[in-house]
Amino acid sequence: HVQLVESGGGSVEPGGSLRLSCVASGYTYNSYCMAWFRQGSGKGREVVATIYTADGSLYIDDSVEGRFTISEDNDKNTLYLQMNSLEPEDTAMYYCAATFGYFPSGCPRGSESYYNWGQGTQVTVS
């Protein structure tokens, strides 16, 4: 049973920084995609960033390019999202997600492709 537990959300002023963490447990796969999604009030769930564990390839959405960084610590089974220069438009619930398998063309970017989700952590920028 895969478990994903996020932490690190909070309230910050514009220009501030936060680091989200997602601790993963309950799996033994060697090849999988981890992702951060977010969902603002009244909006759909959108991808923020992905990382493919098999080759370390990354994807960062244009809306956060240059401000957010996705990384992982395999020893700690933890996924991170470093968020700098936060803007009010970044206000959302942030979710960690995982999907297992081989993705030679890169990680999927649609939420429907991810079958394991954390409970979410709220980020408010105001």
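For reference, positions follow the sequence shown, starting with 1. The model shown is predicted, which means the values in this text are computed figures rather than measured ones.
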- request: Kindly indicate, with the supporting measurements, whether the criterion side chain to side chain contact (heavy atoms under 4.5 Å, CB included) is fulfilled by Q122 and T91.
  value: CA-CA 8 Å; Q122 178 68 36; T91 295; 4.1 Å; yes
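- Using a 4.5 Å cut-off on side-chain heavy atoms (C-beta onward), E89 and P14 make no contact.
- L4 and V47 fall into different hydrophobic clusters, where Ile, Leu, Val, Met, Phe, Trp and Tyr residues are linked whenever their side-chain heavy atoms come under 4.5 Å apart, directly or through other members.
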- prompt: What's the verdict on salt bridge (Lys or Arg N to Asp or Glu O under 4.0 Å) for R109 and E46, showing C-alpha distance, side-chain angles and the deciding distance?
  reply: CA-CA 8 Å; R109 300 174 189 174; E46 60 181 13; over 6 Å; no
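- Under the 4.5 Å side-chain criterion, counting only non-hydrogen atoms from C-beta, R67 is in contact with E87.
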message: Between R19 and L81, is the side chain to side chain contact (heavy atoms under 4.5 Å, CB included) condition met? List the steps.
response: CA-CA 6 Å; R19 188 176 78 158; L81 185 68; over 6 Å; no
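- Grouping the Ile, Leu, Val, Met, Phe, Trp and Tyr side chains by contacts below 4.5 angstrom, directly or via other members, places L18 with W36.
- Under the 3.5 Å distance criterion, the side-chain polar atoms of S111 are left unmatched by any main-chain donor or acceptor of R45.
- Side chain of Q119 to backbone of E6: a donor-acceptor contact under 3.5 angstrom is found.
- Rounding to the nearest 0.5 Å places CZ of F103 at 7.5 Å from OG of S113.
- Using modelled atom types, one finds a donor on one side chain and an acceptor on the other under 3.5 Å when comparing Y52 with S31.
- When side chains are defined from C-beta on, S126 does not count as touching P88, because their heavy atoms never get closer than 4.5 Å.
- The hydrophobic clustering, which links ILVMFWY residues whose side-chain heavy atoms are closer than 4.5 Å, places F68 and I51 together.
- From I70, atom CD1 reaches atom SG of C22 across 9.5 Å, with rounding to the nearest 0.5 Å.
- Counting only heavy atoms from C-beta outward, the side chains of S17 and Q82 approach each other to under 4.5 Å.
- Distance OG1/T99 to OH/Y32: 12.0 Å, rounded to 0.5 Å.
- Side chains of Y114 and N116: a donor-acceptor N/O pair is absent below 3.5 angstrom, by distance only.
- Linking Ile, Leu, Val, Met, Phe, Trp and Tyr residues whenever their side-chain heavy atoms come within less than 4.5 Å places L58 and Y94 in a single cluster.
- Between F37 and W117, the distance separating the two ring centers is shorter than 6.0 angstrom.
- Residue V48 forms a side chain to side chain contact (heavy atoms under 4.5 Å, CB included) with just one option from V64, I60, D90, and that option is V64.
- Residues Y95 and Y80 do not share a hydrophobic cluster, defined by chaining ILVMFWY side chains whose heavy atoms lie under 4.5 Å apart.
- One distance of note links OG of S21 with CD of E72; it measures 13.0 Å at 0.5 Å rounding.
- Distance check, rounded to the nearest 0.5 Å: OG1 of T53 to CG of L79 gives 10.5 Å.
- If you take CE on M34 and OG1 on T78, they are separated by 9.0 Å, rounding to the nearest 0.5 Å.
- Residues L20 and T121 meet the side-chain proximity criterion, which asks for heavy atoms closer than 4.5 Å.
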